[in-house]
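Data first, discussion second: the structure below is written as structure tokens.
Letters A, B, ... mirror the listed sequences (proteins, then strands); counts begin at 1. Values in this document were obtained by computation on a predicted structure and should not be read as measured data. Every heavy atom of this structure was used, including side-chain atoms; hydrogens, water molecules and symmetry mates were not.
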Amino acid sequence: MQDSYRFAEIEADARALWEKAGASRAAEGAEGPKYYCLCMLPYPSGRLHMGHVRNYTIGDVITRYHRMNGRNLLQPMGWDAFGLPAENAAIKNGVPPAKWTYDNIAYMRMQLKSLGYAIDWSREVATCHPQYYKWNQWLFLRMLEKGIAYKKTGTVNWDPVDQTVLANEQVIDGRGWRTGAPVEKREIPMYYLKITAYAEELLGALGRLPGWPERVKTMQANWIGKSEGVEIGFPYDGGALKVFTTRADTLMGATYVAVAAEHPLAARAAAQDPKVAEFVEECRRGGVTEAELATQEKKGVATALTVTHPLSGAQLPVWVANYVLMGYGEGAVMAVPAHDERDFEFARRYGLPLKTVVRAADGAAQDPRALTEAFVTKDGVLCNSGKYDGLAYQAGTDAIAADLAAKGLGQKRVQWRLRDWGISRQRYWGCPIPLIHCDRCGDVPVPDADLPVVLPEDLAPDGSGNPLAKYKPFVECICPTCGKPARRETDTMDTFVDSSWYFMRYACRDNDSAMVDGRVNYWLPVDQYIGGIEHAILHLLYSRFWTRVMRDMGLVAFDEPFTNLLTQGMVLNHIFLRRGGSAGITYYSPEEVELKHDAEGRVSSAVLKADGRPVEYDGMGTMSKSKNNGVDPQMLVEKYGADTVRLFMMFAAPPELTLEWSESGVEGAQRFLKRLWKAVVEHTAAGPVPALNASALDGAQRDLRRQIHETIAKVSDDVGRRYTFNTAVAAIMELLNAVTRAPGMRPQDRALRQEAYETLTLLLTPVVPHIAEALWRGLGRQTSVMEAGWPAADPAALKRDTLELVVQVNGKLRGHIRVAADAAREAIERAALAEPSVQPFVQGKDVKKIVVVPGKLVNVVAA
RNA sequence: GCCUGGGUGGCGGAAUUUGGUAGACGCAACGGACUUAAAAUCCGUUGGCCGGCAACGGCCGUGCCGGUUCGAGUCCGGCCCCGGGCACCA
């Protein structure tokens with residue numbers, strides 16, 4: 001072994017060895033049960049960022065752990081290669097998105113390889129390859145045939161200057177990001193996927209996903225949002241205005257109805273009243289996101305229209321209100337201001353009447369004029385509601401629903417919050433939607449034989465409109481049905497389509513004649529999926545939906561794509577800045593800043609290294625280009641080596657929490673590896689090691705051996721079950737500390753040390769595979785550490801003769817006692833009361849009870 | 001606004017499942033050893049307050065307020081602050 005830890009050589013040698021052995025190749029049906037470990041595929045943005053490194057290191061640790069436990073492993077990698085950033089880069093630099101993307105992939109692939117991940121690169125997939133997106137198109141056509149895909153209008157952000165549809169992130173404070181022009185809402189035809197047809201199943205199946213975090217399941221359930229309620233018709237001369245409500249019991253308290261600005265009744269009112277038209281127009285401005293709509297000031301306008309209350313026959317005014325969402329329910333609501341917060345606020349603002357129809361079960365009806373807030377409860381009883389007075393929530397709802405049904409003006413139904421998935425994007429760098437528009441034949445699907453519809457790769461967008469639409473060789477085509485000239489669809493698909501099934505294609509990416517084949521049913525479902533919490537809803541829900549669509553077409557034999565899910569936290573770093581001047585805020589990279597500490601070690605100030613003058617500290621934030629606080633993994637790998645970076649990432653925080661970047665923490669990780677290296681060098685330099693004879697150990701040796709095996713048990717549990725890699729690493733560090741502090745040189749001391757170092761090497765292999773490979777050989781092994789099995793704790797070594805228990809008096813720690821491991825309860829109680837440090841606290845007091853928690857503590861309750 | 005997490009020393013974090021020794025492990029800081037010197041390395045101290053020459057002991061302490069319990073970082077109720085998502089960023 002080399003005297004010192006030279007990571008560059010060690011890592012290059014280890015990787016060459018694995019490469020030669022094909023150690024990361026996965027083959028169907030190879031030895032052991034299969035295990036599919038998958039990380040969310042990266043967007044090829046240019047360089048790896050720390051979030052990627054964290055994600056893929058977690059995946060690699062899990063992969064290598066299960067491989068050492070005899071599983072047949074698949075860990076693939078691919079590229080989510082379509083998307084907006086490539087077009088933005090193209091606008092900025094004039095490079096076609098394809099070239100930019102392929103260059104980025106090449107660089108980032110090299111980076112991933114330098115981190116030593118056990119990835120089967122022979123299965124690599126890029127979603128911008130025609131061989132991949134051909135199957136997006138193929139399945140889309142199948143969905144069209146089955147009615148799962150369909151066409152309807154949808155609302156988009158429209159930049160009137162650039163004549164372009166904008167993504168939500170391109171709308172800044174209601175204006176286009178490039179033009180600064182106020183953005184308008186615009187209705188355009190789009191294609192949708194009927195995810196709502198699967199709402200019930202997607203919701204119900206969450207209960208059968210024990211391997212998913214509760215938080216993700218809760219978020220998905222709320223997103224799908226099943227509401228049971230009543231659909232009510234309010235008749236008017238042109239028919240009946242439909243509303244949906246979960247509070248039909250309060251129907252007698254409805255004092256007006258409100259419709260969304262996009263509702264047909266609003267259009268009708270606008271045609272008669274310029275003030276309504278103006279308000280509808282005002283609502284057309286501004287963004288389309290739910291956050292914007294929900295936080296905007298609640299505004300509305302009265303119309304001359306009225307509708308008839310279905311039970312009382314009263315005439316209720318129709319308002320147009322910006323808080324009613326066209327996308328949910330019927331785009332209209334009945335307003336019961338006394339018992340709904342939003343209606344209350346709106347009614348107070350516009351002086352609309354309130355009517356109290358619910359009272360507390362043990363109280364009287366409140367005077368609506370005295371209300372300071374809406375009285376919202378399902379635990380009250382009805383009042384001021386005629387024949388329904390005295391009924392509770394459920395009985396009231398049932399009675400009112402029954403009466404409405406009898407009149408043909410209502411029925412119970414379920415309403416979902418989930419909306420169908422609009423997949424049309426008016427953008428170039430995406431998968432073309434395989435349709436042809438013919439004046440005679442309408443929308444004609446591209447025949448399967450003509451797939452894929454290949455996206456031309458040499459166009460360069462300029463920010464105005466979709467370059468595809470201006471590119472005649474793409475647009476102009478022949479109608480497959482009538483053979484006459486026709487126009488090709490130029491919208492492309494949402495990139496979430498690409499990522500909804502890529503994990504299946506890894507199993508069979510070489511199959512050019514089918515989307516998936518039997519190998520998919522060997523590898524899938526994914527055993528462990530790992531990715532950012534920001535994907536908790538959309539990506540994961542779309543994938544669950546897409547998998548079910550494929551199942552129903554007989555393409556795959558499973559329902560859920562991901563059996564276990566681990567959502568990793570983000571990577572943060574310090575933010576430093578200076579304000580003022582014409583430049584506004586300037587952000588400085590933490591590398592350019594020097595921190596000053598006071599005597600207690602607190603950070604007292606920060607100065608820019610370049611000029612020695614202070615900079616403002618703005619706390620921790622997600623690493624990002626805009627805050628200039630990113631750290632380049634490549635620099636770190638070159639400076640410290642891949643193992644050090646991997647070790648730091650695993651040690652600094654548990655995977656689900658945010659991780660705060662710390663260069664000194666990285667240095668600490670390297671210090672540990674150097675110390676380990678040095679310890680093993682010293683150990684092996686002392687010559688051949690005798691065999692261990694466990695029955696010949698003395699007390700101190702038995703203690704050390706117990707710690708070795710306790711560490712095996714703990715690390716196995718932490719890595720294999722809990723995924724708390726930070727505590728696994730801490731236990732490994734403790735073991736190294738213990739071994740190096742037991743410096744005996746008797747034969748059994750050295751034999752024990754050999755066991756300790758072999759154990760440390762094996763336990764560390766998933767986290768720092770390169771150095772583990774070198775240590776394993778240094779310790780005298782001939783085969784790769786990747787072939788070594790995961791160690792098992794020896795139950796005999798774990799046995800203890802005596803236990804230390806904590807003694808509390810009234811819950812306060814007062815002392816410790818050592819008892820035999822099999823001591824009886826009475827003996828433990830006696831020992832606790834006799835303990836000198838406990839005595840003063842029980843003396844002269846009445847011992848009321850003694851709580852004994854086996855193996856842990858004794859609590860004496862005394863007064 | 002709605003949905004969802006989180007808050008523990010100077011800092012990252014530990015205390016697992018089912019309430020049972022708060023502060024493991026590491027970083028930073030300080031003191032010491034080695035060195036001509038520095039770096040590196042090694043050893044030691046390190047939640048706060050109080051008492052003691054010392055060994056050691058006492059009290060307080062897990063965002064805030066209240067509750068349940070023999071016992072609460074952990075459970076319950078109410079608040080404050082920070083993060084993720086909100087359907088065209090990925």
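Not one side-chain nitrogen or oxygen of K674(A) sits closer than 4.0 Å to the OP1 or OP2 atom of C42(B). Put simply, R417(A) has no side-chain N or O that comes within less than 4.0 Å of OP1 or OP2 on C2(B). The phosphate of U4(B) (OP1 or OP2) has no side-chain N or O of T218(A) nearer than 4.0 angstrom. In this model, the phosphate group of A28(B) is approached by a side-chain N or O of R671(A) to a distance below 4.0 Å at OP1 or OP2. The side chain of N810(A) contributes no N or O atom lying less than 4.0 Å from OP1 or OP2 of G71(B).
A distance below 6.0 Å separates the ring centres of Y133(A) and F82(A).
Inter-residue side-chain proximity for L659(A) and R54(A) is flagged as met; some heavy-atom pair is nearer than 4.5 Å.
Among the atoms of the strands shown, only primed sugar atoms or phosphate atoms (P, OP1, OP2) are found under 4.0 Å from some heavy atom of M733(A). Contact annotation for F841(A): backbone-only contact, meaning every heavy-atom pair under 4.0 Å involves sugar-phosphate atoms and none involves a base. Here E734(A) lies in heavy-atom contact (under 4.0 Å) with sugar-phosphate atoms only. Within the nucleic acid shown, V807(A) has no heavy atom closer than 4.0 Å to any nucleic acid atom. No engagement by K848(A) is indicated, since no non-hydrogen atom pair under 4.0 Å with the nucleic acid exists. Heavy atoms of F496(A) sit under 4.0 angstrom from at least one base atom. No engagement by S45(A) is indicated, since no non-hydrogen atom pair under 4.0 Å with the nucleic acid exists. Q170(A) comes within 4.0 angstrom of nothing in the nucleic acid, heavy atoms only.
Among U4(B), G12(B), A90(B), the nucleotide with an atom closest to any side-chain atom of A652(A) is G12(B). Listed nucleotides: G84(B), C59(B), G1(B). Nearest to the side chain of A291(A): G1(B). Checking C27(B), G13(B), U4(B) against the side-chain heavy atoms of S664(A) singles out C27(B) as nearest. Taking the side chain of H535(A) as heavy atoms from C-beta on, and the options G1(B), A90(B), C25(B), the nearest nucleotide is A90(B). Nearest to the side-chain atoms of A653(A) among the listed nucleotides G1(B), G83(B), G13(B) stands G13(B). For R814(A), the listed nucleotide lying nearest its side chain is C59(B); candidates were C89(B), G13(B), C59(B). Checked against G84(B), C60(B), A14(B), the side chain of P654(A) finds its nearest nucleotide in A14(B). Distance from the side chain of N737(A) is smallest to C25(B) among C89(B), C25(B), C86(B). In this structure, the nucleotide among C70(B), U41(B), G84(B) sitting nearest to the side chain of K678(A) is U41(B). Between C70(B), A87(B), G84(B), one nucleotide has an atom nearer to the side chain of M570(A) than all others, and that is G84(B).
With P as the reference atom, G6(B) and G44(B) are 37 Å apart, rounded to whole Å. Look at the C1' atom in both G26(B) and G84(B): the space between them is 27 Å, to the nearest Å. For the P atom pair drawn from U4(B) and C27(B), the interatomic distance equals 39 Å after rounding to whole Å. Straight-line distance between the P atoms of U46(B) and A55(B): roughly 11 Å, to the nearest whole Å. U35(B) and G83(B): their C1' atoms are spaced 48 Å apart (whole Å).
Using a 3.5 Å distance cut-off with no hydrogens or angles, the side chains of T155(A) and E187(A) do pair a donor with an acceptor. The closest side-chain donor-acceptor pair between W501(A) and Y132(A) falls under 3.5 angstrom. For the 3.5 Å distance criterion, the side chains of Q426(A) and N466(A) fail to qualify, holding no donor opposite an acceptor.
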Steps toward side chain to side chain contact (heavy atoms under 4.5 Å, CB included) verdict (I828(A), L805(A)): CA-CA 9 Å; I828(A) 293 171; L805(A) 300 186; 3.7 Å; yes
* Apply ring-ring contact (aromatic ring centres under 6.0 Å, His included) to the pair W421(A) and Y192(A), showing each step before the final yes or no. => CA-CA 5 Å; W421(A) 176 14; Y192(A) 284 83; over 10 Å; no
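Nucleotide C3(B) holds its P atom 12 Å from the CD1 atom of I537(A), rounded to whole Å. Distance, D3(A) CG to U41(B) C1': 15 Å, rounded to whole Å. Atom C1' of nucleotide G1(B) and atom CG of N222(A) are separated by 15 Å, given to the nearest angstrom. When the P atom of C89(B) is taken as reference, atom CG of L41(A) falls 17 Å away, rounded to whole Å. A straight line from CD1 of I224(A) to C1' of A87(B) spans 13 Å, rounded to a whole angstrom. If you take CG of L418(A) and C1' of C86(B), they are 13 Å apart, rounded to a whole angstrom. The distance from atom CG of L540(A) to atom C1' of G84(B) is 14 Å, rounded to the nearest whole Å. Between the P atom of A90(B) and the CZ atom of F82(A) lies a distance of 12 Å, rounded to the nearest Å.
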Readout for nucleotides 15-22 of chain B: B = base within 4.0 Å of protein heavy atom, S = sugar-phosphate only, - = neither; 5' to 3' it is SB---BB-
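With a glycosidic angle no further than 90° from 0, G9(B) counts as syn.
Annotation: ring-ring contact (aromatic ring centres under 6.0 Å, His included) contacts of W177(A) (sequence neighbours excluded): none. Taking the ring-ring contact (aromatic ring centres under 6.0 Å, His included) definition, one finds that Y640(A) meets it with nothing, sequence neighbours left out. Partners of F672(A) according to the ring-ring contact (aromatic ring centres under 6.0 Å, His included) rule, which considers only residues two or more places apart in sequence or in another chain, do not exist here. Every residue two or more places apart in sequence or in another chain that forms a ring-ring contact (aromatic ring centres under 6.0 Å, His included) with F346(A) is listed here: Y256(A), W319(A), Y323(A), Y350(A).
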Under the rule of Watson-Crick or G-U wobble with both distances under 3.5 Å, where | means paired to another strand and [ ] a crossing pair, RNA chain B maps to (((((((..(((.......[....))).(((((.......))))).(((((....)))))..(((((..]....))))))))))))....
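Across all non-hydrogen atoms, the minimal contact from I433(A) to S424(A) is CD1-OG, 3.8 Å.
Classification of E829(A) and K849(A) as a salt-bridged pair fails, no side-chain N sitting under 4.0 Å from a carboxylate O.
For V165(A) and V216(A), each mapped to the nucleotide of RNA chain B holding its nearest heavy atom, the one lying further toward the 5' end belongs to V216(A).
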